[in-house]
Amino acid sequence: MTSLEAVKPWNDVRAGRRSFLTAMGAVGASIATGVPAYASDDARDVTKADGYVDVQLVNITDLHGYLAAAPGSNATIHGNGGQTYTVGGVAYMAAHLKELRDGRTNSIFFSPGDNFSGWEFDTAVFADEPTIEALNLMGLDFSTAGNHEFDKSPAMITRHMEQGIPFPVVGQDTSFIDSTGHRFRGADFLYYTGNVEWRRDGADVLPAYNIRHVTGPGGKKIPIAFIHLTAIGTEVSSTAYLPAVKTRDEIRTVNRLAAMLKKRGINAIVLSMHDGAVAGADFNAGRNPSGPAYELALHASPDIDVIVTGHWHTRFNMMLPDPNGVPRPFVEAGCYGQLINEINLKLDPRTGKVVRELTVSTNHPNTRTGIAPDPEMQQVVSYWNVQATARANSTIGRQSGSFLRARNAAGESTMGDLVADWALWAGSQPTDKNFNGNRYPNVPAQLAMVAIAPTIGQTVIAGDLVYNAATNGAVQFVHAWRGVGFGDPVVSVWVTGQQIHDALEQQWTTKEGGGMQYAPFAVSKNVRYSFNSVAGVGYRVDPYDVYIDGKRLGLKKRYRLATLAYTLLGADGYPALTEFEEPFTHQRDFESFVNFVRQAGTLVPAPANRVSVMSSGELESELGEIVDPVEPILSDGTPMPRPEAAIVTAARPDDQPYPPC
């Protein structure tokens with residue numbers, strides 16, 4: 001191709017009929033070099049763009065509150081022929097954004113989601129408000145709601161993050177003083193999703209799309225629509241267990257919305273979706289794509305001109321043919337502040353259509369060298385670091401002795417008993433009306449069971465609470481926060497006595513290659529039971545030896561059980577508890593355990609007498625091997641963030657791959 005005039009329009013019927021393979025061959029040549037992705041050779045020559053309206057789309061995704069730096073080996077990425085880049089940090093990101101957007105009249109900055117629900121301590125302990133302050137300062141225009149934006153409740157998005165309404169307790173749970181000296185005021189932007197609905201009536205939880213206008217010749221306003229999608233299954237993920245909502249099918253949703261927008265006369269449409277794919281290791285290329293976003297991209301309406309993805313924490317940048325064989329950008333900009341994706345569009349000023357063959361997409365590394373960090377943003381990051389240090393060292397309660405994970409012969413421990421008592425307390429607490437993800441009444445829990453050494457997935461226990469005589473047993477905020485939790489809510493449910501019995505039986509499994517494993521539950525202080533480890537499968541726990549509040553377990557009776565959403569979803573391998581009724585989601589583990597310590601005043605270790613063993617001989621061989629979950633590590637040897645580790649190690653149907661987010 002030597003000139004734009006010599007090329008048939010890409011939306012011409014004849015061009016639309018060119019085969020998928022032919023289009024893929026042309027695109028493959030443009031992305032194999034590891035340079036910006038071009039829709040055609042004409043996109044490489046800016047002189048071909050005369051007379052068209054220039055639009056810059058800039059996006060970031062899956063920041064997860066990592067304002068200071070990307071964690072561990074995530075701070076190093078590779079691209080452009082194998083070149084290595086050190087990346088991360090919003091102070092550098094702000095500086096790069098200013099350079100990228102400088103002088104661009106029609107620049108739109110958005111995100112496919114998961115920027116708050118922070119995993120970095122400095123942001124997470126302040127209800128992710130520091131992330132919103134940073135996004136406001138960077139000038140984010142709008143965002144798709146990712147699955148983690150729903151971690152607490154839909155109202156956390158709309159009433160708190162958007163509107164700044166505090167709940168439940170100002171200065172303790174939300175609404176902290178920001179770097180400007182003011183209480184949290186909310187985001188300067190809105191959240192969207194087209195496929196999350198209320199179960200009660202099918203209404204959208206958030207607006208499905210938004211329309212921005214760019215300026216053309218003579219001040220003409222040209223609309224660009226943005227459709228938004230959230231990952232399927234968000235409502236039943238362990239971190240965002242929301243009985244009141246459900247997610248709709250992605251492809252039907254996006255095609256319906258695209259047709260509606262087209263009918264309204266909007267001829268430029270962008271899909272921002274919080275679902276992703278994998279497409280090779282080079283952040284500025286794309287090879288052998290696969291995953292849900294890729295499958296959607298193959299079938300999404302040809303009226304969509306751009307597909308921007310997130311959720312899978314991957315990095316790729318490519319042109320992918322639509323169902324008519326016409327290339328369009330298909331991109332994901334990593335995670336934790338690694339990249340900034342820039343897509344440059346050319347719009348026909350008469351029709352408002354994207355001139356698709358002139359589209360260019362680039363993933364820019366958020367480098368920490370060759371550019372000075374933005375001083376205003378650096379001040380924000382430093383402020384929250386100081387605040388987090390002060391909060392970490394604050395005293396929230398006391399303990400009269402140590403709580404340790406070391407187990408006795410029956411698998412019981414003082415730390416395990418403590419978290420079971422916390423779960424019972426958490427499953428009995430009233431919940432602020434703004435935590436509106438629930439569908440059923442809040443019936444207080446009658447007992448709690450917590451997996452303390454599951455053979456699959458992770459345990460909610462992350463450390464010991466060791467008595468410090470020098471501080472007279474003071475419990476610091478940081479020890480409670482980091483001792484229990486990986487971002488999972490306590491959920492109370494109705495189960496039968498038979499299910500409780502069966503779950504206790506499922507503590508024993510056969511190891512691969514033979515031999516027995518024991519994956520003990522911790523039970524709350526009102527539960528006592530005995531087991532015979534040498535009895536046959538299904539007979540180790542006699543229902544007559546299980547007591548709740550001093551009464552023998554009734555197999556046909558219903559009980560209100562408190563446990564982690566992780567367990568109820570089968571992520572840690574106890575299938576008996578995956579069938580339940582009327583779930584009610586309570587506070588997330590981090591925040592909930594801190595509040596438990598606050599209200600307790602002084603934590604007193606209880607005698608380890610809740611579980612007893614009826615057997616003889618060599619107890620260890622009879623009991624089975626207890627294997628503590630191993631948290632995965634990053635490539636540099638540092639531990640993976642606990643929320644991420646819980647997700648990637650969880651049991652999944654058919655062992656399907658799952659994004660680490």
Can you list the residues that meet the side chain to side chain contact (heavy atoms under 4.5 Å, CB included) rule with [X], with sequence neighbours excluded?
{"X": "K98", "value": "D374"}
{"X": "N136", "value": "I132, R185, A187, D188, F189"}
{"X": "L137", "value": "E376, M377, V380"}
{"X": "A474", "value": "T395, R398, T471"}

Mind checking what makes salt bridge (Lys or Arg N to Asp or Glu O under 4.0 Å) contact with [X], not counting sequence neighbours?
{"X": "D141", "value": "R101, R212"}
{"X": "E197", "value": "K246, R248"}
{"X": "R642", "value": "E631"}
{"X": "D432", "value": "none"}

Indicate yes or no for a side-chain donor-acceptor contact from [X] to the backbone of [Y] under 3.5 Å, with no hydrogens or angles considered.
{"X": "R391", "Y": "V125", "answer": "yes"}
{"X": "Q499", "Y": "E579", "answer": "yes"}
{"X": "T174", "Y": "F167", "answer": "yes"}
{"X": "N366", "Y": "M93", "answer": "yes"}
{"X": "N442", "Y": "Q429", "answer": "yes"}
{"X": "S237", "Y": "T234", "answer": "yes"}
{"X": "D114", "Y": "H148", "answer": "yes"}
{"X": "S153", "Y": "N434", "answer": "yes"}
{"X": "Y566", "Y": "A646", "answer": "yes"}
{"X": "T563", "Y": "M449", "answer": "yes"}

- prompt: How far apart are the C-alpha atoms of R610 and V527, what are their side-chain angles, what is the distance that settles it, and do they pass the side chain to side chain contact (heavy atoms under 4.5 Å, CB included) test?
  reply: CA-CA 6 Å; R610 302 177 189 185; V527 177; over 6 Å; no

- line: Residues pairing under salt bridge (charged side-chain N to carboxylate O under 4.0 Å, His left out) where one sits in residues 230-244, two or more places apart or in two chains, turn out to be none

- prompt: Does the pair L339 and E332 meet the rule for a side chain to side chain contact (heavy atoms under 4.5 Å, CB included), with working shown?
  reply: CA-CA 9 Å; L339 297 170; E332 186 162 339; over 6 Å; no

Considering only heavy atoms from C-beta outward, does the side chain of [X] approach that of [Y] to under 4.5 Å?
{"X": "I108", "Y": "F226", "answer": "yes"}
{"X": "I500", "Y": "V495", "answer": "yes"}
{"X": "T309", "Y": "D275", "answer": "no"}
{"X": "V90", "Y": "Y66", "answer": "no"}
{"X": "L404", "Y": "S413", "answer": "no"}
{"X": "L568", "Y": "Y241", "answer": "no"}
{"X": "P207", "Y": "F142", "answer": "no"}
{"X": "V196", "Y": "L242", "answer": "no"}

From [X] [atom1] over to [Y] [atom2], what is the distance, rounded to the nearest 0.5 angstrom?
{"X": "H96", "Y": "M138", "atom1": "NE2", "atom2": "CE", "answer": "12.0 Å"}
{"X": "M156", "Y": "M161", "atom1": "CE", "atom2": "CE", "answer": "4.5 Å"}
{"X": "T638", "Y": "D636", "atom1": "OG1", "atom2": "CG", "answer": "3.5 Å"}
{"X": "R159", "Y": "K433", "atom1": "CZ", "atom2": "NZ", "answer": "6.5 Å"}
{"X": "T314", "Y": "Q338", "atom1": "OG1", "atom2": "CD", "answer": "10.0 Å"}
{"X": "M415", "Y": "I461", "atom1": "CE", "atom2": "CD1", "answer": "5.5 Å"}

query: Does any donor atom in the side chain of D572 or T567 lie under 3.5 Å from an acceptor atom in the other side chain?
result: yes

D151 and T239: side chain donor to acceptor below 3.5 Å: yes

field: Exercise: identify the closest heavy-atom pair between P112 and N59
entry: CD-OD1, 4.2 Å

- line: Residues E582 and P441: closest non-hydrogen pair is OE1-CD, 4.4 Å

message: For a side chain to side chain contact (heavy atoms under 4.5 Å, CB included) check, start with the C-alpha distance between R528 and N609, then their side-chain angles and the critical distance, and finish with the verdict.
response: CA-CA 8 Å; R528 297 289 185 277; N609 60 2; 3.6 Å; yes

- request: Assert yes or no for the condition that the ring centre distance of F435 to H586 is strictly below 6.0 Å.
  value: no

Sub-6.0 Å ring centroid separation between F110 and Y192: no

- request: Would you mind telling me which of T144, T61, N147 makes a side chain to side chain donor-acceptor pair (under 3.5 Å) with H274?
  value: N147

Stepwise ring-ring contact (aromatic ring centres under 6.0 Å, His included) check, F521 with Y529: CA-CA 11 Å; F521 277 111; Y529 79 94; 9.1 Å; no

message: Walk me through whether F176 and Q387 qualify under side chain to side chain contact (heavy atoms under 4.5 Å, CB included).
response: CA-CA 10 Å; F176 300 93; Q387 295 301 305; over 6 Å; no

- request: For F184, check ring-ring contact (aromatic ring centres under 6.0 Å, His included) against everything at least two apart and list the hits.
  value: H160

- request: Please list, chain by chain and in numerical order, all residues satisfying ring-ring contact (aromatic ring centres under 6.0 Å, His included) with Y383, sequence neighbours excluded.
  value: none

Under 3.5 Å, which donor-acceptor pairs do the side chains of residues 589-597 form with other protein atoms, sequence neighbours left out?
residue : atom : partner : partner atom : Å
D589    : OD1  : F486    : N            : 3.4
D589    : OD1  : G487    : N            : 2.9
D589    : OD1  : D488    : N            : 3.2
D589    : OD2  : F486    : N            : 2.9
D589    : OD2  : G487    : N            : 3.3
D589    : OD2  : D488    : N            : 2.9
E591    : OE1  : R588    : NE           : 3.4
E591    : OE2  : K152    : NZ           : 3.2
E591    : OE2  : R588    : NH2          : 2.9
S592    : OG   : W422    : NE1          : 2.9
N595    : OD1  : R598    : NH1          : 2.9
N595    : ND2  : Q587    : OE1          : 3.1
N595    : ND2  : E591    : O            : 3.4

